[in-house]
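Shown next, in structure tokens, is the structure this report addresses.
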Amino acid sequence: MRYSDAELGEFKELILKKAEQAKKELTYLQGLITRKDEMGGDENENRYMTMEDGSMSMEREQLAQMASRQINYIDHLEKALMRIENKTYGICRVTGKLIDKARLRAVPHATLSIEAKQMMNK
């Protein structure tokens with residue numbers, strides 16, 4: 001029991017679009033982090049720590065966390081593409097049943113059906 005090649009092709013297209021968008025967002029976030037680093041760091045010994053330095057550091061940390069989540073998301077999407085190539089995409093890793101198409105369209109890297117997800121959350 002698996003999705004047809006045509007259905008897998010449809011999902012592949014969706015995942016490739018999402019991956020491209022995610023990579024653009026990651027590049028943007030990395031650019032912001034780099035710009036924050038260039039704006040001022042703790043290298044200058046004669047500078048006094050100001051409130052602005054603290055908020056800049058917090059903002060840089062938030063950007064780094066967002067970038068990390070994007071990297072993780074891109075990794076999940078790439079693994080989903082591998083499952084499409086192996087023709088195992090859309091099969092729940094717990095129940096072995098097909099994951100609902102609506103779920104896969106919403107979360108294209110899902111490896112669990114809603115049923116399995118609910119069982120795990122109990």
Side-chain angles (χ1 to χ4, degrees):
M1 177 170 29
R2 70 173 187 86
Y3 283 111
S4 71
D5 290 346
E7 290 167 319
L8 291 176
E10 189 183 311
F11 286 121
K12 182 176 183 174
E13 206 173 293
L14 173 71
I15 292 169
L16 287 171
K17 284 180 188 172
K18 289 195 178 272
E20 183 182 336
Q21 182 181 355
K23 288 175 184 178
K24 284 180 185 174
E25 288 177 28
L26 177 60
T27 300
Y28 175 73
L29 289 170
Q30 290 172 329
L32 288 177
I33 293 167
T34 302
R35 193 169 325 136
K36 292 277 177 222
D37 288 341
E38 290 169 358
M39 286 177 63
D42 303 320
E43 311 92 33
N44 192 343
E45 298 168 15
N46 300 324
R47 276 185 33 175
Y48 290 100
M49 182 75 165
T50 64
M51 292 289 277
E52 197 173 293
D53 292 335
S55 67
M56 192 180 300
S57 182
M58 274 183 54
E59 192 173 335
R60 190 179 309 125
E61 178 62 30
Q62 286 176 327
L63 289 170
Q65 287 176 352
M66 290 168 67
S68 176
R69 281 194 295 271
Q70 279 299 100
I71 290 168
N72 202 15
Y73 178 58
I74 292 166
D75 182 55
H76 286 300
L77 291 173
E78 288 172 352
K79 287 178 180 168
L81 288 171
M82 282 194 262
R83 289 193 300 278
I84 287 174
E85 295 304 315
N86 297 337
K87 302 193 187 297
T88 59
Y89 180 80
I91 300 170
C92 177
R93 61 185 164 91
V94 172
T95 65
K97 298 177 185 172
L98 285 181
I99 299 170
D100 188 63
K101 282 185 184 181
R103 174 161 171 73
L104 290 173
R105 284 189 187 103
V107 185
H109 58 281
T111 59
L112 296 173
S113 63
I114 290 178
E115 175 188 346
K117 188 88 170 159
Q118 288 172 342
M119 286 188 319
M120 293 180 93
N121 289 337
K122 286 183 180 179

Ring centre gap for Phe11 and Tyr89 strictly below 6.0 Å: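 Yes - the distance between ring centres of Phe11 and Tyr89 falls below the 6.0 Å cut-off.
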Quick one: sort the Tyr73 and His109 rings into parallel, tilted or perpendicular, breaks at 30° and 60°.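 If you compare the ring of Tyr73 with that of His109, the planes turn out perpendicular.
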Ser68 side chain to Ala64 backbone, donor-acceptor under 3.5 Å: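 Side chain of Ser68 to backbone of Ala64: no pair is present.
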Report yes or no: does Arg60 contribute a side-chain atom to a donor-acceptor pair with the main-chain N or O of Leu32 at less than 3.5 Å?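 No; zero donor-acceptor contacts below 3.5 Å.
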Ion pair present between [X] and [Y], side-chain N to carboxylate O less than 4.0 angstrom?
| X | Y | value |
| --- | --- | --- |
| Lys101 | Glu7 | yes |
| Glu78 | Lys23 | yes |
| Lys18 | Glu13 | no |

Quick check: closest heavy atoms across [X] and [Y], and the distance to 0.1 Å?
| X | Y | value |
| --- | --- | --- |
| Ala67 | Leu26 | O-CD1, 3.6 Å |
| Gly90 | Leu104 | CA-CD1, 3.8 Å |
| Leu81 | Lys12 | CD2-CG, 3.8 Å |
| Ala80 | Pro108 | CB-O, 3.9 Å |
| Gln70 | Ala22 | NE2-O, 3.0 Å |
| Cys92 | Ile99 | N-CG1, 3.8 Å |

Check whether Leu98 and Ile84 end up in the same hydrophobic cluster, where Ile, Leu, Val, Met, Phe, Trp and Tyr are linked by side-chain heavy atoms less than 4.5 Å apart.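 Result: yes, single cluster for both.
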Would you please test Lys117 and Arg103 for side-chain contact (heavy atoms from CB on, under 4.5 Å) and show each step? CA-CA 12 Å; Lys117 188 88 170 159; Arg103 174 161 171 73; 4.1 Å; yes
Does the side chain of [X] reach to within under 4.5 Å of the side chain of [Y], using non-hydrogen atoms?
| X | Y | result |
| --- | --- | --- |
| Gln21 | Lys17 | no |
| Glu10 | Arg105 | yes |
| Ile114 | Asp100 | no |
| Ile91 | Lys97 | no |
| Thr88 | Met82 | no |

Test side-chain contact (heavy atoms from CB on, under 4.5 Å) on Arg83 and Thr111; report intermediate values, then the result. CA-CA 10 Å; Arg83 289 193 300 278; Thr111 59; 3.5 Å; yes
Intermediate values then yes/no, side-chain contact (heavy atoms from CB on, under 4.5 Å), Leu8 and Arg2: CA-CA 9 Å; Leu8 291 176; Arg2 70 173 187 86; 3.5 Å; yes
Nearest 0.5 Å, please: how far is CD1 in Ile33 from CD in Glu59?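 Reported to 0.5 Å precision, the distance equals 10.5 Å.
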